[in-house]
Chemist: 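Below are the structure tokens for one structure; questions will follow.
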Amino acid sequence: STTPAAAPVQDYDELISSLPVEQTSIPIRHLPGIMAIRQHFKPRPDDLFLISFPKSGTTWLKALAFTTMTRTHYPLDRHPLLSLNPHDVVPFIDDLFAAGQASKLEALPSPRILATHMPYSLLPYSITSSGCRIIYICRDPKDAVVSLWHFSAKATAAKRRECFPFDKFFEMACEGNFAYSPIWDHSLEYWKESLRRPEKVLFLKYEEMLEEPKANVKRLAEFLGWPFSEEEEKGGVVEEIITLCSFEKLKSLDVNKKGCQEVAVFKVANDSFFRKGEVGDWRNHASPEMAQKLDGIVREKLEGSGLTI
Ligand code: A3P
């Protein structure tokens with residue numbers, strides 16, 4: 001059976017009002033896609049979901065997971081990621097449903113690698129109960145806010161920067177008042193689930209991945225149930241994957257310099273996904289007081305959870 005296309009916005013008004021979104025601010029334009037997913041998405045038990053708060057390293061995780069999972073399919077010198085953006089090979093289900101293109105998901109061979117920014121509490125029961133694996137990536141909220149500010153400004157050209165000076169944008173993040181916020185709840189929900197079901201939910205941190213890429217890519221492969229063999233390790237396969245998916249490599253490719261993503265609510269140049277790729281760029285944007293404020297809120301909200309971000 002095929003998944004019905006997402007219905008137009010007006011069909012979802014009633015359902016949207018029943019959605020448990022009190023604790024998260026979901027942009028209104030994403031709601032029809034999310035509603036359609038909750039009603040119609042048919043997960044397969046071997047689906048792999050890559051999930052994140054926006055600007056936390058989703059593009060990188062897509063590249064790494066795709067390359068690791070398909071590592072015997074393609075020679076690295078003729079790899080799909082040399083001519084496709086990571087978002088072309090791992091779709092956001094939110095975007096496809098919002099665009100009425102859900103049938104594309106049905107056409108994908110198993111095991112599928114899919115992505116979403118949905119908070120855990122909004123994932124449909126069909127996903128959380130299906131046995132699907134989830135890899136979540138989190139990032140220092142201060143850097144995610146900086147990254148999102150630049151991304152939004154670029155996506156909507158210069159106008160947006162005038163409407164949203166950085167200080168105001170940062171304040172909105174502290175109030176938990178923008179897309180998929182609050183950041184701390186987004187990460188905390190997946191953190192708790194990764195403790196409850198470690199075999200199904202892997203929790204990664206952007207900063208740790210930059211610091212120790214090899215250990216983290218190995219963790220990822222083990223989590224997928226397909227660890228690197230001794231032979232692969234000796235042959236440098238892990239390093240090759242890391243190099244192919246590195247910020248410098250992906251940023252330098254023609255497809256990521258010139259191409260663009262255009263699905264439903266989402267039209268954006270591929271180069272917007274590769275800005276600096278560093279830890280601590282918030283220092284160039286936020287004052288120490290602003291940083292202290294957000295750090296304090298996050299610390300308080302995460303207290304006792306064992307999670308630090
Ligand atoms: P900056 O804006 O701080 O540079 P997402 O992929 O979730 O949209 O996140 C985008 C952020 O990840 C951007 O951060 C981007 O530069 C960074 N990024 C993209 N590809 C990366 C890679 N291969 N390695 C490390 N960081 C990467």
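These values consider heavy atoms only, across backbone and side chains, with no hydrogens, waters or symmetry-generated copies. In each ligand, atom 1 is the first atom listed, and ligand 1 is the first ligand listed.
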Chemist: When the ring planes of Tyr190 and Tyr120 are compared, do they come out parallel, tilted or perpendicular, using 30° and 60° as the limits?
Modeler: perpendicular

Chemist: Does Arg71 count as lying over the ring of Trp226, i.e. NZ or CZ under 6.0 Å from the six-ring centre, within 45 degrees of the axis?
Modeler: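 Ring-cation test returns yes.
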
Chemist: Of all residues at least two apart in sequence or in a different chain, which pass the salt bridge (charged side-chain N to carboxylate O under 4.0 Å, His left out) check with Lys251?
Modeler: none

Chemist: Once the angle between the rings of Phe41 and Phe97 is folded into 0 to 90°, is it parallel (under 30°), tilted (30 to 60°) or perpendicular (over 60°)?
Modeler: perpendicular

Chemist: Report yes or no: is the cationic atom of Arg275 (NZ for Lys, CZ for Arg) under 6.0 Å from the centre of the six-membered ring of Phe247, at an angle within 45° of the ring normal?
Modeler: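 Not flagged: Arg275 not positioned over aromatic ring of Phe247.
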
Chemist: Distances only, to 0.1 Å: what are the N or O pairs between ligand 1 and the protein that fall under 3.5 Å?
Modeler:
{"from": "ligand 1", "atom 1": "2 (O)", "to": "Ser147", "atom 2": "OG", "distance (Å)": "2.6"}
{"from": "ligand 1", "atom 1": "2 (O)", "to": "Arg275", "atom 2": "NE", "distance (Å)": "2.7"}
{"from": "ligand 1", "atom 1": "2 (O)", "to": "Arg275", "atom 2": "NH2", "distance (Å)": "3.4"}
{"from": "ligand 1", "atom 1": "3 (O)", "to": "Arg139", "atom 2": "NH1", "distance (Å)": "3.4"}
{"from": "ligand 1", "atom 1": "3 (O)", "to": "Arg139", "atom 2": "NH2", "distance (Å)": "2.9"}
{"from": "ligand 1", "atom 1": "3 (O)", "to": "Arg275", "atom 2": "NH2", "distance (Å)": "3.2"}
{"from": "ligand 1", "atom 1": "4 (O)", "to": "Lys276", "atom 2": "N", "distance (Å)": "2.6"}
{"from": "ligand 1", "atom 1": "4 (O)", "to": "Gly277", "atom 2": "N", "distance (Å)": "2.7"}
{"from": "ligand 1", "atom 1": "6 (O)", "to": "Thr58", "atom 2": "N", "distance (Å)": "3.2"}
{"from": "ligand 1", "atom 1": "6 (O)", "to": "Thr59", "atom 2": "N", "distance (Å)": "2.8"}
{"from": "ligand 1", "atom 1": "6 (O)", "to": "Thr59", "atom 2": "OG1", "distance (Å)": "2.5"}
{"from": "ligand 1", "atom 1": "7 (O)", "to": "Lys55", "atom 2": "N", "distance (Å)": "3.2"}
{"from": "ligand 1", "atom 1": "7 (O)", "to": "Ser56", "atom 2": "N", "distance (Å)": "3.1"}
{"from": "ligand 1", "atom 1": "7 (O)", "to": "Gly57", "atom 2": "N", "distance (Å)": "3.1"}
{"from": "ligand 1", "atom 1": "7 (O)", "to": "Thr58", "atom 2": "N", "distance (Å)": "2.8"}
{"from": "ligand 1", "atom 1": "7 (O)", "to": "Thr58", "atom 2": "OG1", "distance (Å)": "2.5"}
{"from": "ligand 1", "atom 1": "8 (O)", "to": "Lys55", "atom 2": "NZ", "distance (Å)": "2.6"}
{"from": "ligand 1", "atom 1": "9 (O)", "to": "Gly57", "atom 2": "N", "distance (Å)": "3.4"}
{"from": "ligand 1", "atom 1": "14 (O)", "to": "Arg139", "atom 2": "NH1", "distance (Å)": "3.2"}
{"from": "ligand 1", "atom 1": "14 (O)", "to": "Ser147", "atom 2": "OG", "distance (Å)": "3.4"}
{"from": "ligand 1", "atom 1": "16 (O)", "to": "Arg275", "atom 2": "N", "distance (Å)": "3.0"}
{"from": "ligand 1", "atom 1": "16 (O)", "to": "Gly277", "atom 2": "N", "distance (Å)": "3.3"}
{"from": "ligand 1", "atom 1": "23 (N)", "to": "Cys245", "atom 2": "O", "distance (Å)": "2.8"}
{"from": "ligand 1", "atom 1": "23 (N)", "to": "Phe247", "atom 2": "N", "distance (Å)": "3.2"}
{"from": "ligand 1", "atom 1": "26 (N)", "to": "Tyr206", "atom 2": "OH", "distance (Å)": "2.8"}

Chemist: Taking the six-membered ring for Trp, are Trp60 and Tyr206 ring centroids under 6.0 Å apart?
Modeler: yes

